[in-house]
Every structure is written in C-alpha cells, then in structure tokens.
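These notes are about the structure you will find just below.
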There are 2 protein chains.
Amino acid sequence: MALEHAILVSLLEQPGSGYELARRFDRSIGRFWTATHQQIYRVLRRMETDGWIVAEEVAQDGRPDKKVYAPAAPGRAALAAWLREPVEPETVRHELAVKIRAAAFDDSAALTSLISEVERHRESHSALLARYLTGEQRDFPDLTALDTRQELQHVVLRGGIEYERMTLAWLDDVLATLHRLAN
Amino acid sequence: MALEHAILVSLLEQPGSGYELARRFDRSIGRFWTATHQQIYRVLRRMETDGWIVAEEVAQDGRPDKKVYAPAAPGRAALAAWLREPVEPETVRHELAVKIRAAAFDDSAALTSLISEVERHRESHSALLARYLTGEQRDFPDLTALDTRQELQHVVLRGGIEYERMTLAWLDDVLATLHRLAN
DNA sequence: ATTGCCTATGCAACTCGTTGCATAGCAGGA
DNA sequence: TCCTGCTATGCAACGAGTTGCATAGGCAAT
C-alpha cells in the first residue's frame with residue numbers, strides 16, 4: 001500500500017486539505033497515483049491518529065473552513081522506512097486492451113463501437129499530454145536551473161509525457177488496425 | 001469491474017482451469033491485467049453460479065484433477081453488453097514515481113538505495129520485453145497472414161512491447177538523473 | 001529421508017477502493 | 001427564483017483485492 005506515502009509526499013511538497021489533495025490526485029500534473037476523496041479523507045484521519053500528520057483548522061470566508069494537514073516527524077520516518085523497502089511491480093489494468101481482444105468474439109458492430117471508444121480515449125490522452133506540456137512550461141521555465149526536488153519532479157513528469165506520447169502512438173496503431181478489420 | 005470480462009476473453013481464446021488462468025494472468029504474454037489465484041477462483045465460482053461459464057472435471061494422472069471452464073451463452077452475452085459500455089480510464093499506480101519524488105525529502109543514502117531499486121526494476125522490464133519479443137516470434141511468425149483474432153491479439157501485444165520500450169528509456173533517464181544528483 | 005518445488009483448489013480474515021448519499025454555505029446564470 | 005456547480009467534509013454499505021494458511025499428491029535433487 002502506498003496511498004499513505006503518496007499523500008505524505010504531496011504534503012511534504014505542499015501542505016493542504018483533503019479536498020486539495022483529492023484535486024491534486026485527480027487533476028494535477030504528475031498523476032502518478034489515483035484516489036477518490038473518500039479514500040483520502042479516511043486515510044488522512046488514520047494518519048492523523050497515528051501521528052504521521054498534524055492538522056490545522058483554517059477559517060476561510062466565502063467558503064467552508066478546511067483542515068490543512070502537514071507531515072509530522074513520525075510520518076517522515078515512516079516515509080523514509082518505506083523508501084528503503086523494495087518497490088512492488090506496477091499493477092497494470094488496461095481495460096481497453098481487454099476490450100480489443102474481446103472484439104474478436106463479437107460482430108462487426110462491436111468493432112465500430114470500439115472504434116469510437118478508442119477515439120474518445122485518444123482525445124483524453126491527447127488532452128492530458130497537452131496539460132503536462134503546459135504545466136512543464138509553467139513550472140519548469142528554466143531547465144538548466146533546477147534544485148534536487150525539481151529535478152526529481154521533472155523526471156517523473158518526463159515519464160508522464162513519454163507515457164502519453166507512447167499511448168497516443170499506440171492508439172493510432174489500434175485505430176488503423178480496427179479500421180482495416182472493419183472493412 | 002472487468003476481471004470477469006478479462007477471464008471470459010481468456011476462456012474464449014482458450015478454455016482452462018483456474019490454475020491455468022492464474023498463470024496466464026501472471027506470466028503470459030499480453031499481461032493486460034493482473035489477478036491472484038484467490039480472486040480468480042472466487043470469480044470463477046460466481047461466474048459458474050450465474051451460468052456465464054460451464055465447468056468440466058478433467059482427471060489427470062501424475063497431477064491433481066482440474067476443472068476446465070468454458071464460456072456459455074449468457075457469458076458471451078454479458079461480454080457483448082460490456083463491450084458496448086464506455087471504457088473507464090486506466091488506473092495508474094506507479095509506486096516508483098512516488099518514491100522518486102519522495103527521495104527529495106530524504107538523505108543521499110536514500111538516493112543510492114533508490115538507484116539500485118530502479119536498476120532492479122529496469123532488469124525486470126527488460127526481461128519482460130524479451131519475453132514479449134520471443135512470444136511474438138513464436139505466436140506470430142508470419143505477420144502478413146493473421147486472422148481477425150490474431151490481428152487484435154497482436155495489436156495489444158504491440159502495445160505491451162512499446163510500453164516496455166518506453167519504460168526502459170524512461171528508467172535510463174531516471175538513472176542518469178539520480179546519478180547526477182548523487183554526486 | 002528430507003527438503004523444496006509444482007500442480008490444483010480452497011477458506012477465513014482483513015484491508016483497500018467504490019458508490020450513493022448527506023450537509024451546508026456561497027456564487028453565477030437562465 | 002430556481003438550478004447548477006464549487007468548496008469542504010463525512011457516513012454507510014458494498015464489492016474488490018490481499019495475505020496467510022491448509023490440503024494433497026507427485027517429482028527431482030541432495
């Protein structure tokens with residue numbers, strides 16, 4: 001399990017509330033992890049109980065109050081211990097790949113509907129790539145002057161960018177193949 | 001949820017037992033989904049109860065008997081219905097990316113231990129790529145003469161190959177960055 | 001002989017993750 | 001004015017996924 005650790009990293013980079021974390025995990029650059037607000041609130045409560053993080057109530061006007069969390073020493077220690085544990089292999093769950101192989105066992109109408117699915121998928125990856133690239137320009141305007149933290153953030157972002165580029169190329173390949181088979 | 005559907009596709013391509021399915025999901029070419037044997041046995045039982053698949057007891061000598069499952073009509077119908085539903089976005093859970101960003105908040109010993117982690121990771125991706133490529137040669141010796149099913153299997157495999165290539169290139173980038181920062 | 005590994009299936013207990021719903025004030029548009 | 005949407009947090013119920021353990025015979029090597 002690494003949701004706790006992903007949250008710790010995010011809070012070390014910038015303290016924030018559960019709501020803010022949910023948005024970072026959902027929409028932010030460097031989407032290296034996914035989680036819903038339910039999961040995040042539950043884990044935050046547990047982490048606070050365990051002393052990994054401390055909360056500060058922040059009153060706001062024009063919007064509800066929020067609890068801003070920041071890592072505490074035990075949390076940093078837990079993160080350090082986790083860093084020294086072996087990495088588990090990434091879990092791959094590529095639903096589209098399952099559907100593509102499934103299409104062999106259905107009629108050609110399924111192929112057609114799959115094509116529009118792939119096209120929608122392609123568009124969302126294309127939009128994500130664009131967001132990564134604008135975010136890169138915004139957050140890393142001068143690539144020759146990065147500190148350690150930024151270097152590490154940037155190498156992760158480069159991974160995201162390359163992943164999206166590779167995925168787009170593959171989806172084009174898939175589309176070409178499906179069109180060929182639909183004729 | 002798509003484990004049921006992934007199992008159905010696998011059984012349509014080739015009927016098999018829970019044990020065999022677990023091995024396909026674990027080690028086979030086209031690792032588009034992951035699942036443990038526990039999950040698989042449980043889901044198989046449910047699918048059999050629901051009439052999606054039918055089991056045949058097969059006695060073997062020199063090894064335990066097994067139950068070989070094959071898809072039934074209701075299962076095929078369920079798969080067809082699922083195929084027409086919108087695809088959900090892939091879930092990304094890249095633990096290594098979390099660790100890389102976490103390394104910014106630890107000492108340089110953490111950087112060193114991360115380097116060997118990344119190297120191990122790199123080797124396993126390299127091995128997987130090699131397995132994909134040998135599997136491609138074995139299962140698709142003549143790329144000009146593929147039927148629909150093979151075309152679809154092959155485009156998924158191409159995705160796996162490109163993913164591994166991209167990952168290897170990125171891991172090299174990560175290693176270069178970590179080495180630079182460790183000095 | 002014992003140890004370890006492979007095939008084959010399964011139970012029990014637990015944690016993780018998702019879905020639906022609820023509250024509550026504020027802002028902006030039809 | 002009503003409806004929609006954003007910020008902000010949370011409960012309850014359920015389904016998905018993991019971990020540890022158990023059984024049981026056969027095979028191969030030490």
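Throughout, a chain's letter reflects where its sequence line sits, starting with A, and its residues are numbered from 1.
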So does [X] get a side-chain nitrogen or oxygen closer than 4.0 Å to the phosphate oxygens (OP1/OP2) of [N]?
| X | N | answer |
| --- | --- | --- |
| Lys67(A) | dT7(D) | no |
| Tyr41(B) | dT9(C) | yes |
| Arg93(B) | dC16(C) | no |
| Ser17(B) | dT7(C) | no |
| Tyr19(A) | dT7(D) | yes |
| Arg23(A) | dT7(D) | yes |

* Asked: Which other residues end up in the same hydrophobic cluster as Val58(A), if Ile, Leu, Val, Met, Phe, Trp and Tyr are linked when side-chain heavy atoms come under 4.5 Å apart?
  -> Val68(A)
* Structure fact -> Besides Val54(B), the hydrophobic cluster formed by Ile, Leu, Val, Met, Phe, Trp and Tyr side chains linked at under 4.5 Å, directly or via other members, contains none
Take atom [atom1] of [X] and atom [atom2] of [N], then tell me their distance rounded to the nearest Å.
| X | N | atom1 | atom2 | value |
| --- | --- | --- | --- | --- |
| Asp65(B) | dG10(C) | CG | C1' | 15 Å |
| Glu4(A) | dT15(C) | CD | C1' | 11 Å |
| Leu21(B) | dT7(C) | CG | C1' | 14 Å |
| Asp26(A) | dG17(C) | CG | P | 15 Å |
| Ile40(A) | dC11(D) | CD1 | C1' | 17 Å |
| Gln39(A) | dC11(D) | CD | P | 16 Å |
| Arg42(A) | dC16(C) | CZ | C1' | 7 Å |
| Arg46(A) | dC14(C) | CZ | P | 15 Å |

* What does the inter-axis angle of the helix from dA1(C)-dT30(D) to dA30(C)-dT1(D) come out as, five pairs per end, nearest 10 degrees? -> 30°
* Asked: Can you list the residues that meet the side-chain hydrogen bond (donor to acceptor under 3.5 Å, both in side chains) rule with Glu13(A), with sequence neighbours excluded?
  -> Gln153(A), Arg101(B)
* To do: With sequence neighbours left out, write down each residue that passes side-chain hydrogen bond (donor to acceptor under 3.5 Å, both in side chains) with Lys67(A), or none if nothing qualifies.
  => none
* Any pair counted as salt bridge (charged side-chain N to carboxylate O under 4.0 Å, His left out), so long as it reaches residues 153-163 of chain A, sequence neighbours left out -> Arg158(A)-Asp173(B), Glu162(A)-Arg165(A)
* Check the pair Asp107(B) / Arg84(A) against salt bridge (charged side-chain N to carboxylate O under 4.0 Å, His left out), numbers first and verdict last. => CA-CA 12 Å; Asp107(B) 57 33; Arg84(A) 281 157 183 81; 3.2 Å; yes
Of the listed nucleotides ([options]), which one gets closest to any side-chain atom of [X]?
| X | options | value |
| --- | --- | --- |
| Arg63(A) | dT9(C), dT7(D), dT9(D) | dT7(D) |
| Gln60(B) | dG17(C), dT7(C), dA8(D) | dT7(C) |
| Arg45(A) | dG10(D), dC11(C), dT18(D) | dG10(D) |

Between the protein and nucleotides 20-22 of chain D, list the N/O to N/O atom pairs that are separated by less than 3.5 angstrom.
unit_1: dG20(D); atom_1: O6; unit_2: Gln38(B); atom_2: NE2; d: 2.9

* Structure fact -> Quick note, ring pair (Phe, Tyr, Trp, His ring centres under 6.0 Å) partners involving residues 42-79 of chain B, not counting sequence neighbours, are none
* Asked: Got a sec, which pairs hit ring pair (Phe, Tyr, Trp, His ring centres under 6.0 Å) with one end in residues 102-131 of chain A, sequence neighbours left out?
  -> His121(A)-His125(A)
* **Ion pair check, Arg120(B) and Glu117(B), cut-off under 4.0 Å** => yes
* **Non-hydrogen atoms of Ile115(A) and Leu175(A) that approach each other most closely** => O-CD2, 3.8 Å
* Structure fact -> Closest to the 5' end of DNA chain C, once Tyr69(B) and Pro64(A) are matched to their nearest nucleotides, is Tyr69(B)
